[in-house]
*Asks:* 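One structure is given below, represented as structure tokens, and several questions about it will come after.
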Protein chains: 2
Amino acid sequence: MGPQHTSRGPVPHGHVTLAQVAQRAGVSAQSVSNALNNPDRLAAETRKRILAAVEELGYEPNLSARALRNRSSSLIAFKMRPSRPDKASLLMDDFLYVLNAAAVEAGYHLILCHAEDGPAGEIKAYRDLLKKTSIDAFVLAETHHNDDRVAALRSWGVPFASFGRSWDGDDSLAWVDVDGRAGTRAATDHVAAQGHTRIGHIGWLAESELGQDRREGWLDACRERELEADLQAAVVDSLEAGCQAAHRMLDASRPATALVCASDTLALGVMRALHERGLRPGVDVAITGYDDSPTAALVSPGLTTLRQPIDEVGRQLIQAIDNLMAGDPRQPQHVLLEPELVVRGSSLPGPRMRTS
Amino acid sequence: MGPQHTSRGPVPHGHVTLAQVAQRAGVSAQSVSNALNNPDRLAAETRKRILAAVEELGYEPNLSARALRNRSSSLIAFKMRPSRPDKASLLMDDFLYVLNAAAVEAGYHLILCHAEDGPAGEIKAYRDLLKKTSIDAFVLAETHHNDDRVAALRSWGVPFASFGRSWDGDDSLAWVDVDGRAGTRAATDHVAAQGHTRIGHIGWLAESELGQDRREGWLDACRERELEADLQAAVVDSLEAGCQAAHRMLDASRPATALVCASDTLALGVMRALHERGLRPGVDVAITGYDDSPTAALVSPGLTTLRQPIDEVGRQLIQAIDNLMAGDPRQPQHVLLEPELVVRGSSLPGPRMRTS
DNA sequence: GGCGTTGTTTTTAACGTTAATATCAGGCAG
DNA sequence: CTGCCTGATATTAACGTTAAAAACAACGCC
């Protein structure tokens, strides 16, 4: 776009360096670097000229060189779990997307981490990655009480933030989480408002802090309305387990008429149980799930569930990391977000023609 | 684990360099580099000694330095799409996981790419990423006829492989795909084998090559059995569209008794239509989907569908890229894999108690 | 006019790696 | 003994960036 396009010809895919920009602007390479990273060290006039040259040549700093020099790569690592066959693929897909979007927005890139087995393999994978390349920070998911990963990352001094609060009251952990208790309470309130008084809960095993949290919400709502909280199950998170638990609660002497579940997977298990008994979700028994997995909108009738604001989770995680990296002296961020109740046919008695 | 652990003390998280290993082994840094990258240039004895030192110090080459020096980062980029609300999140989750696993296995890492809007934004995002850091290769998904991304990447000379074949007979493209035609044929054969003779097809709009391919499979099977292929719909991939199309085919003068769909999303739309009409999937109307999305196993009854061998897809894509990078002079790989029919209750007339 | 001060810019060196070249020792033919 | 080749190892330089230090200019102050 200028008169000196003769100098280089059709560069393969632009490999403009600091030195080239420097020459173009008639300054040293360091000044160009400063123009971009330490604007206040330059005379305003010079800076303007340099930025023009940057623009003109389409210069982008080379991240490898930066990483080498600065020991910081603008990479954030995240480890995916293998998706289990019978789980409703809890929004990993979406979560990764929004996390990456937020990361890019903030000038980072997401790099995926892979670990063979579960427990210690993950830590080894983190360590290997750190040795091989400089990783600015990690994002953890599903942290639990006494999490080894937290201990490891902390001992290495690597910034990280967790999707899932600290369950052992560790204030120094930066986390973002969704209020499962409030969510389950909202779901219970919702079915109670439909007139149900025999409201059961199908949740996870006691060792799951997350499951415990969600169960509390159901208890809260029952207590508040002075309903008996006698119908409950603590099972693994699978369709089969949800199905069996539902059968038990429907076989009880005073059977449940509404079932509040700790996950969509469990709720879908309840739907299967109703299907096997020839009962209709919503009409005969109200069902609520948790997560608003893609499946929830696609089954018939639609599944009432709680939507986690994952886009906000992603943004907040990146922000938390950004703060950590900036050496922000304030407390690491703790963000607790509210889930949103999404009402669909599975919890409504009415006619459901064309309900989504 | 050695006598000279005094030299450094508790190194933060291992930052062993080539020079340190060299000193330990009593050779130059270059020899260590050669021991790892050009084994045949060293005397066997020396090499052994060097490798011992590498092992002892736990040395891992620094990827940033390598990337800078070699202009190759061992990074493979992949762009995620935002998941649309009413789609059965087609296995992106799993795909990413297996792709990353295969990448790590082969010594690469996956980095996620983010683009704002759809068409040209993606190309811009690729270019920006390439400018910023050296990316060894790209993985594309859902390529279509005359794909601009293919043209762009090719013009830049960057290796890439595509999940989705070349629809314009371009032999120089490396791709891995799943045989949609064979899959749909298998599904059609399956319902025909149950005695159905009025088999409809709900597929995608004509401009989708993938949809066209799947439709062909249905046509193949109909022709072979001399069945009329008059019941068909070409619609967008949404639950609503599938639902409406199903209603039409069930309102026909000689209504469909089986519906073969181009996606699970459409098939779930059919299920909704049956639900609205008080009909039972499998018993009254047979349904098949495509993709074996997580949802398929979770609805009741389970949805008969076609499972794509995505783990194999992931492996083959990485392998294809590996071959490209090695400058393998043979034709770029073309791999067409067979999907697997997964039979569940939605296509079976029989009693379905406890079917998964 | 000497001399610190301040503000701006350049020079030097280093991050860790590897291609290219240089060095060196030993073997062997002339 | 000289010269040349071969195989093994060492040295140099460079990839593109930036922190730290050095250089330089302009300015006021005694």
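On a predicted model such as this, the values are computed, not experimentally measured, just so you know. Here is how names work: the chains are called A, B, and so on, in the same order as the sequence lines, proteins then strands, and each is numbered from 1. As a basis for the values below, the full set of heavy atoms in this structure was taken, side chains included, without hydrogen atoms, waters or symmetry mates.
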*Asks:* Quick check for you: name the first and last nucleotides of DNA chain D, 5' to 3', having an atom under 4.0 Å from a heavy atom of chain A.
*Replies:* D:dG16 to D:dA20
*Asks:* When all nucleic acid strands are considered with a 4.0 Å heavy-atom cut-off, which category describes A:T46: base, sugar-phosphate, or nothing?
*Replies:*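 Contact class for A:T46: sugar-phosphate only.
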*Asks:* Once ring-ring contact (aromatic ring centres under 6.0 Å, His included) is applied, do any residues pair with B:Y59, and if so which ones, sequence neighbours excluded?
*Replies:*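 If we apply the ring-ring contact (aromatic ring centres under 6.0 Å, His included) test to B:Y59, skipping adjacent residues, there are no hits.
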*Asks:* Any idea which of C:dT9, C:dA13, C:dT18 is nearest the B:R66 side chain?
*Replies:*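 The listed nucleotide nearest to B:R66's side chain is C:dT18.
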*Asks:* Do the side-chain N or O atoms of B:N37 get closer than 4.0 angstrom to the phosphate oxygens (OP1, OP2) of C:dT18?
*Replies:*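 Yes, within the criterion.
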*Asks:* Return the 5'-most residue of the pair A:L36, B:A43 with respect to DNA chain D, ranking by each residue's nearest nucleotide.
*Replies:*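 Looking at the nearest nucleotide for each, B:A43 comes out on the 5' side.
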*Asks:* Is a side-chain donor-acceptor pair under 3.5 Å present for A:Q316 with A:Q333?
*Replies:* yes
*Asks:* Ignoring hydrogens and angles, tell me if any N or O in the side chain of A:S64 forms a donor-acceptor pair with the backbone of B:S64 under 3.5 Å.
*Replies:* no
*Asks:* Which dot-bracket string fits DNA chain C when only Watson-Crick or G-U wobble pairs with both atom distances under 3.5 Å count, crossing pairs get [ ], and | stands for a partner on a different strand?
*Replies:* ||||||||||||||||||||||||||||||
*Asks:* Just by modelled atom types, is the B:D40 backbone N or O under 3.5 Å from a matching donor or acceptor in the B:N38 side chain?
*Replies:*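 Here the side-chain-to-backbone pair does not exist.
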*Asks:* Reckon A:R41 touches a base, only the sugar-phosphate, or nothing at all at heavy-atom distances under 4.0 Å?
*Replies:*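 Base contact - A:R41 has a heavy atom under 4.0 Å of at least one base atom.
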*Asks:* Taking any heavy-atom pair under 4.0 Å as a contact, classify B:S28: base, sugar-phosphate, or nothing.
*Replies:*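 Contact class for B:S28: base.
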*Asks:* Mapping B:Q30 and B:R69 to their closest nucleotides on DNA chain D, which lands nearer the 5' end?
*Replies:* B:Q30
*Asks:* Is it true that the side chains of B:N70 and B:S72 contain a donor and an acceptor less than 3.5 Å apart?
*Replies:*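 The answer is no; no qualifying pair exists.
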*Asks:* Could you give the CD-to-P distance, from A:E45 to C:dG7, as a whole number of Å?
*Replies:* 19 Å
*Asks:* Base, sugar-phosphate, or nothing: which does B:N70 touch, judged by heavy atoms less than 4.0 Å apart?
*Replies:*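 Here B:N70 touches the backbone only, sparing every base.
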*Asks:* Checking all strands, does A:S31 fall into the base, sugar-phosphate, or nothing category for heavy-atom contacts under 4.0 angstrom?
*Replies:*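 Base, at least one base heavy atom under 4.0 Å.
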*Asks:* Measuring from A:H334:NE2 to A:S162:OG, what's the distance to the nearest 0.5 Å?
*Replies:* 11.0 Å
*Asks:* Is it the case that the side chain of B:D168 and the backbone of B:N146 share a donor-acceptor pair, with hydrogens and angles ignored and the cut-off at 3.5 Å?
*Replies:*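 A pair under 3.5 Å: yes.
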*Asks:* If we ignore angles and hydrogens, is there a donor and acceptor under 3.5 Å between the side chains of A:D322 and A:Y108?
*Replies:* yes
*Asks:* Just so I know, are the side chains of A:L129 and B:H109 near enough to count as touching, which here means a heavy-atom distance under 4.5 Å?
*Replies:*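 A:L129 reaches B:H109 side chain to side chain.
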